[in-house]
Amino acid sequence: SVVCFPYIFRASRREPGTLADYTGSALLHTVLLSAVTTLALVGAILGGGDLMPSGLPSVLWVICFTIFFFLVRIFIRRHYLLQMDLRGLIAYDAIAFVVQAGVLAAAIGRGRVTGIAGQWSIGLSCAVVSIYWLWKERKTFSLTRHWQSHFSENWDFGKLVLAAQAFYALHNQILVWILAALHGTNLAGQFVASFSVVMLNNPFVLGLMNIVAPRVSHAFSEGGAPRVRQVVWENLKFMMAGVTAILILLVLLGAPILQFLFGQQYGGQQLTISLLAIAVFAEANCKTVEHGLLALDKPQFVAWVNVVRFVLTAVIALVLIPRYKVVGASAALAIADVAASGMMFVYFLRETSVPSVKSTASPTSQHHA
């Protein structure tokens, strides 16, 4: 949120001669972020003591050694997505897959399939990709003194995206906490299992979002708000069609899939899955518009919508969950996501309407004018 989102939405606006400096600054920001994360993890390990489950400290120590490469790999993916170089992206993803699969195969062969082995497989695959990319593409970034000014510039944008992401995560998680507190962990587990089935559409949604972000970023540089609106609408139509088809299939087959994956005790969740499908449909389409608002430099509105969504989810959940349990939690999520999607759409349409074109015109278009 703090490093990659500013990079993906602002790098396309920079002059070609300054892009290497900006990319180098983003890499230094990744180093700082990994250092802060490592210190936080070390503090948690040393201060957690007996409060941590058995084996967790060992896993966290591995993450301390691998978090830098993990974050660099995320940045590398964003870098290739910004350039729309999917061939290069797939090549590095393939390298990571081979390394990770090899480490896991070795762990299976030795009968040591553990959380530690899993984290090492992720860490080593990211390390191989990161080190190779940093050496091979060293001419694409430059480490200069501008990293501090770039950080100040990006922080204004990134902190709001971070807040939006945090409240979005809380809006999903609070339902599990309320269910567990009022009805026990068994019902909370049923909700999470049902949600995981509906989220089988995630590869499609996340894949398209990876493409939408750089497209709307470049669109703003090319033609300001009108071009962003056009690109968002083009991708939104494709998103709605794809998500609708997938969710219809999951609604029809969701209950059998749920029982197949988690056991017969998870039967009778058809209504839950249907309500969650509504929530996921609203959220998937909302994400497309959200990226358009970020391209228009409106992260503050995105953050506020997620705060409102979190509050709305919590209030509705406290009303519905005591009586309707898992169905109530699903209904709360659906209502909150539909409301958030509506707010995003209305604001986006207002910001990209003809009267606001001058106020949202790209720096490039203003310069040419």
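As the structure is a prediction and not an experimental result, all values here were calculated from the model.
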- Item | Heavy atoms from other residues, nucleotides or ligands near CZ of F204 exceed 12 (cutoff 6.0 Å) | yes
Acceptor/donor pairs from residues 105-125 side chains to any protein atom, 3.5 angstrom cut, sequence neighbours excluded:
residue, atom, partner, partner atom, Å
T114, OG1, I116, N, 3.4
T114, OG1, A117, N, 3.2
S121, OG, G118, O, 2.5
S125, OG, S121, O, 3.1
S125, OG, I122, O, 2.7

- Message: Are L187 and V319 connected into the same hydrophobic cluster when the rule is that any two of I, L, V, M, F, W, Y join if their side-chain heavy atoms are below 4.5 Å apart?
- Response: no
- Between L175 and A329, which heavy-atom pair has the shortest distance, and what is it? CD1-O, 3.7 Å
- Item | Minimal non-hydrogen separation, Q269 against V326, with atom names | OE1-CG1, 3.8 Å
- Correct closest heavy-atom pair for L200 and I257 would be CD1-CG2, 4.4 Å
- Query: So do the side chains of I8 and S217 get within less than 4.5 Å of each other, counting heavy atoms only?
  - Reply: no
- Note on the structure: dist N210:CG -> R215:CZ (nearest 0.5 Å) comes out at 11.5 Å
- N/O donor-acceptor pair under 3.5 Å between N306 side chain and V302 backbone: yes
- Task: Look up atom CG in L160 and atom CG in L294, then write down how far apart they are to the nearest 0.5 Å.
- Result: 9.5 Å
- Task: Indicate yes or no for a side-chain donor-acceptor contact from R138 to the backbone of W135 under 3.5 Å, with no hydrogens or angles considered.
- Result: yes
- Does NZ or CZ of K287 come closer than 6.0 Å to the centre of the six-membered ring of Y168, within 45° of the ring's axis? yes
- Rounded to the nearest 0.5 Å, what separation is found between the OH atom of Y132 and the CD1 atom of I95? 6.0 Å
- Assess whether side-chain contact (heavy atoms from CB on, under 4.5 Å) is satisfied between L81 and L86, documenting all intermediate values. CA-CA 7 Å; L81 287 169; L86 298 184; 4.0 Å; yes
- Message: Please say yes or no: joined through hydrophobic side-chain contacts below 4.5 Å, possibly via intermediate residues, are I273 and F262 part of one cluster?
- Response: yes
- Task: Examine distances only and state if a side-chain atom of T244 and a backbone atom of A241 form a donor-acceptor pair shorter than 3.5 Å.
- Result: no
- Task: Report yes or no: do F97 and F69 belong to one cluster of Ile/Leu/Val/Met/Phe/Trp/Tyr joined by side chain heavy-atom distances under 4.5 Å?
- Result: no
- Message: For a 4.5 angstrom cut-off between non-hydrogen side-chain atoms, does C4 reach I74?
- Response: yes
- Starting from the C-alpha separation in whole Å, work towards a yes-or-no answer on side chain to side chain donor-acceptor pair (under 3.5 Å) for Y22 and N154. CA-CA 10 Å; Y22 190 62; N154 290 344; 2.8 Å; yes
- Message: Tell me whether V311 shares a hydrophobic cluster with V176, the cluster being built from Ile, Leu, Val, Met, Phe, Trp, Tyr side chains joined at under 4.5 Å.
- Response: yes
- Query: Which class fits the ring pair W155 and F151: parallel under 30°, tilted 30 to 60°, perpendicular over 60°?
  - Reply: parallel
- Query: Should L236 and F345 count as side-chain neighbours, where that means a heavy-atom distance under 4.5 Å?
  - Reply: yes
- Item | F141 ring center near F75 ring center (under 6.0 Å) | no
- Query: At what distance, to the nearest 0.5 angstrom, does CD1 of I321 lie from CD1 of I174?
  - Reply: 8.5 Å
- Message: To the closest 0.5 Å, what do you measure between SG (C286) and CZ (F348)?
- Response: 11.5 Å
- Ignoring hydrogens and angles, tell me if any N or O in the side chain of S341 forms a donor-acceptor pair with the backbone of V338 under 3.5 Å. no
- Message: Is the positively charged end of R78 above the ring of F5, judged by distance under 6.0 angstrom from the centroid and angle within 45° of the axis?
- Response: yes
- Just jot down the side chain to side chain contact (heavy atoms under 4.5 Å, CB included) partners of A166, sequence neighbours excluded, or say none. none
- Item | Under 3.5 Å donor-acceptor, S353 side chain and R350 backbone | yes
- Any side-chain heavy atom of I67 sitting closer than 4.5 Å to one from F70? yes
- Query: Yes or no on side-chain contact (heavy atoms from CB on, under 4.5 Å) for I45 and C64, after CA distance, side-chain angles and deciding distance?
  - Reply: CA-CA 10 Å; I45 296 168; C64 287; 4.2 Å; yes
Name every donor-acceptor pair, under 3.5 Å, that has one atom in a side chain of residues 29-43 and the other anywhere in the protein, sequence neighbours excluded.
residue, atom, partner, partner atom, Å
H29, ND1, S25, O, 3.3
H29, NE2, S25, O, 3.4
H29, NE2, W147, O, 2.9
T30, OG1, A26, O, 2.9
S34, OG, T30, O, 3.3
S34, OG, V31, O, 2.7
T37, OG1, L33, O, 2.7
T38, OG1, S34, O, 2.8

- Task: Would you please test D337 and H171 for side chain to side chain donor-acceptor pair (under 3.5 Å) and show each step?
- Result: CA-CA 10 Å; D337 280 344; H171 122 89; 3.2 Å; yes
- Note on the structure: Heavy-atom nearest pair, Y92 first then K136, reads OH-CD, 3.7 Å
- Message: Between E153 and K159, does any NZ, NE, NH1 or NH2 come within less than 4.0 Å of an OD or OE carboxylate oxygen?
- Response: no
- Message: How close do A332 and L320 get, counting heavy atoms only, and between which atoms?
- Response: N-CD1, 4.3 Å
- Given the rule in the side-chain contact (heavy atoms from CB on, under 4.5 Å) test, do T272 and F195 qualify, once you have shown the distances and angles that lead to the verdict? CA-CA 9 Å; T272 297; F195 195 64; over 6 Å; no
- Item | Crowding at OH, Y266 (>12 non-hydrogen neighbours, <6.0 Å) | yes
- Item | K298 with E290: basic N within carboxylate O range, under 4.0 Å | no
- Message: Within the structure provided, determine whether V280 and E283 are in side-chain contact (heavy-atom separation under 4.5 Å).
- Response: no
- Counting N and O atoms only, with roles assigned by atom type, does the side chain of T18 sit under 3.5 Å from a partner on the main chain of R14, one being a donor and the other an acceptor? no
- Query: Do V251 and Q270 have side chains that get closer than 4.5 Å, going by heavy atoms?
  - Reply: yes
- Heavy-atom distance under 4.5 Å between the side chains of M344 and L293, does that happen here? yes
- Note on the structure: Output for pair (L252 CG, I248 CD1), nearest 0.5 Å, gives 7.5 Å
- Query: Is T313 reaching over with its side chain to a backbone N or O of A336, donor-acceptor style, under 3.5 angstrom?
  - Reply: no
- Query: Without hydrogens or angle criteria, can the side chains of Y7 and H79 be said to hold a donor-acceptor pair below 3.5 Å?
  - Reply: yes
- Query: With a 4.0 Å cut-off, would you call R10 and D297 a salt bridge?
  - Reply: yes
- Between G292 and V228 the two heavy atoms that sit nearest each other are O-CG1, 3.8 Å
- cation_pi(R229, W233) dist<6.0 Å, angle<=45: no
- Item | ILVMFWY cluster, M52 and W61 together (side-chain gap under 4.5 Å) | yes
- R73 and D93, any side-chain heavy atoms less than 4.5 Å apart: yes
